[in-house]
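Read the structure below first, then the notes.
Protein chains get the first letters and strands the later ones, always in sequence-line order, with residue 1 at the start of each.
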Amino acid sequence: MSSKIKRNVLKSMIIGVLAYMGALGVPQPAQAEYADVVINNYADAAGMRPAVFPHWFHRIRFRCKVCHADLGFAFKAGGNKITMAKIIDGKFCGACHNGEISWSVENCAMCHSGNPGTPTHFHGSTVQRLIAPAYKPLKATDTKK
Amino acid sequence: MTQAMNQRSQKILPAWGWWHVVAFVACFTFALPGNAADIDAAPAAQSSEPGITAVWSRGLHFQTEGEVVPLAEDGIHDPDNDAVHLLQEPYESMADFPRDSQGIIDWVQTLRQGLIDPRMSLNGDDIMYPVDFDIIFKNTGSMPHVRFPHQQHTEWLTCANCHPLIFIPQKGGNPISMSAIIQGEYCGVCHGKVAFPPTMNCGRCHSVPNQANLRR
């Protein structure tokens, strides 16, 4: 390695280590796992915990295509305006969580497992972490289903 | 930003020039309230750090090898919810899944090795229609060119997931750039959210040798 590269590597390592130590000093909760989506357009307001959708768990069982083409989930956290009425009607989560393909809708706490107050977001995504939290809460007028 | 990435990244991996940028952004984000600090900026800090295996130091959308965080402590699940203990722990479930060179789960291999057999329709009575052709993106500066493999994608996704909303199905028809990807457009619609992230593992996309490289 040329000395210039060595210097650069050293420099990045120092920056890296500093950033790392700096970050350890900031109280930082450990965070969720493998592409979890927190969905909280309405839940908090309705006194339920936000719903947490784990991608890793579902992609072991279904191809992306099943949800994102056949069932029509748009590629947007919170963008599908999911409500319990729609779920019970067999749409979105309810296409599977109906007691046939998967356990039924009575198991409220399995889906509504989020920390109260957690906004709708795609957990740990590059966008959310490097750019800006890209999710605005739906406007009150959107709440009318 | 582009400039910084072009200068030095391809020879010395992991791309140090890139990490300068990320480290800077990271330090910047520390100051912003409510924004999880970005520690993947630290190339020197690997998860093998002794004594902190139970701390998920990075807070990414995946955990790299050796990081173990129970759901109840992951920051988004409510530990007071009894059902949290009924949910499957990801690191147990995926313990023997293959990982790529950065320690991220390699779903392509997981699928191909038959460790999982995800259904292709709701009832499992349909099949996928994978197509096998690659698109090579050459506008990569001094980075190796990008191979986009249709095969691996269409084992998971159908054409309509990408065409025409994310990509016009025409070679060269989309103004893709690295910064757009990191902002969640084009490849970044999935990569950095559900699929492996654009900020690590450059070589998984930038996998085709580039003349500009060879000349150095």
Side-chain angles (χ1 to χ4, degrees), chain A residues 1 5 8-9 11-13 15-20 22-24 26 28-36 38 49 52 54-57 59-66 68-71 75 95-96 101 107 109-110 112-116 118 122-131 133-134, chain B residues 8 12 16 19-20 23 25-27 30 34-39 41-45 55-56 59-63 69 71 73-78 81-84 86-88 90 93-94 107 116 118-122 128 156-158 160-161 182-184 188-189 192-194 197-199:
Chain A
M1 269 204 268
I5 293 175
N8 278 330
V9 169
K11 209 165 73 188
S12 348
M13 285 180 93
I15 294 182
V17 169
L18 284 180
Y20 184 61
L24 280 185
V26 178
Q28 207 203 356
Q31 293 170 353
E33 178 66 278
Y34 303 105
D36 286 350
V38 178
R49 293 185 180 90
V52 179
H55 262 102
W56 68 269
F57 183 95
R59 77 181 290 187
I60 290 175
R61 292 160 176 79
F62 297 93
R63 315 268 167 153
C64 326
K65 167 245 183 199
V66 176
H68 290 294
D70 300 355
L71 297 179
F75 281 147
C96 301
I101 290 169
N107 303 288
M110 293 286 277
H112 291 278
S113 64
N115 260 325
T118 312
F122 201 103
H123 200 75
S125 75
T126 305
V127 183
Q128 186 227 338
R129 298 171 60 257
L130 288 186
I131 314 296
Chain B
R8 277 174 261 106
I12 331 149
W16 298 105
W19 290 120
H20 275 300
V25 176
C27 296
F30 291 150
N35 228 348
D38 172 35
I39 322 188
V55 177
W56 188 10
L60 298 159
H61 65 97
F62 49 83
Q63 285 179 9
V69 180
L71 287 180
E73 293 166 26
D74 69 8
I76 62 172
H77 285 90
D78 184 350
N81 173 5
D82 292 337
V84 94
L86 299 176
L87 300 176
Q88 210 173 354
S93 171
M94 301 191 279
W107 289 96
I116 58 174
R119 283 193 190 174
M120 304 181 193
S121 71
L122 207 50
M128 302 294 289
W156 289 98
L157 295 147
T158 180
N161 285 135
I182 288 170
Q183 287 169 49
V189 170
K193 289 171 188 154
V194 180
T199 48

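Of the atoms belonging to A:Ile101, it is side-chain heavy atoms, and not backbone ones, that fall under 4.5 Å from chain B. For a residue to count as touching a neighbouring chain, one of its non-hydrogen atoms must lie under 4.5 Å from one of that chain's; by this rule A:Arg49 touches chain B with the side chain only. With a 4.5 angstrom heavy-atom cutoff, A:Phe62 touches chain B via backbone and side-chain atoms both.
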Criterion side-chain contact (heavy atoms from CB on, under 4.5 Å) on A:His68 and B:Leu157, from CA distance to verdict: CA-CA 8 Å; A:His68 290 294; B:Leu157 295 147; 5.6 Å; no

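Most heavy-atom pairs under 4.5 Å with chain A: of the set B:Met128, B:Gln88, B:Met120, this distinction falls to B:Met120. Taking A:Arg63, A:His112, A:Lys65 one by one and counting their heavy-atom pairs under 4.5 Å with chain B, the maximum is reached by A:Arg63. With chain B as partner, the option from A:Ser113, A:Pro116, A:Ala109 having the largest number of non-hydrogen pairs under 4.5 angstrom is A:Ser113.
Residues B:His77 and B:Leu87 meet the side-chain proximity criterion, which asks for heavy atoms closer than 4.5 Å. Looking only at side-chain heavy atoms (C-beta outward), B:Ile76 and A:Asn115 stay at 4.5 Å or farther from each other.
Looking at every heavy atom in both residues, A:Val66 comes nearest to B:Arg119 through CG2-O, 3.5 Å. Closest approach of B:Met94 to A:Trp56, counting heavy atoms only: CE-CE3, 3.6 Å.
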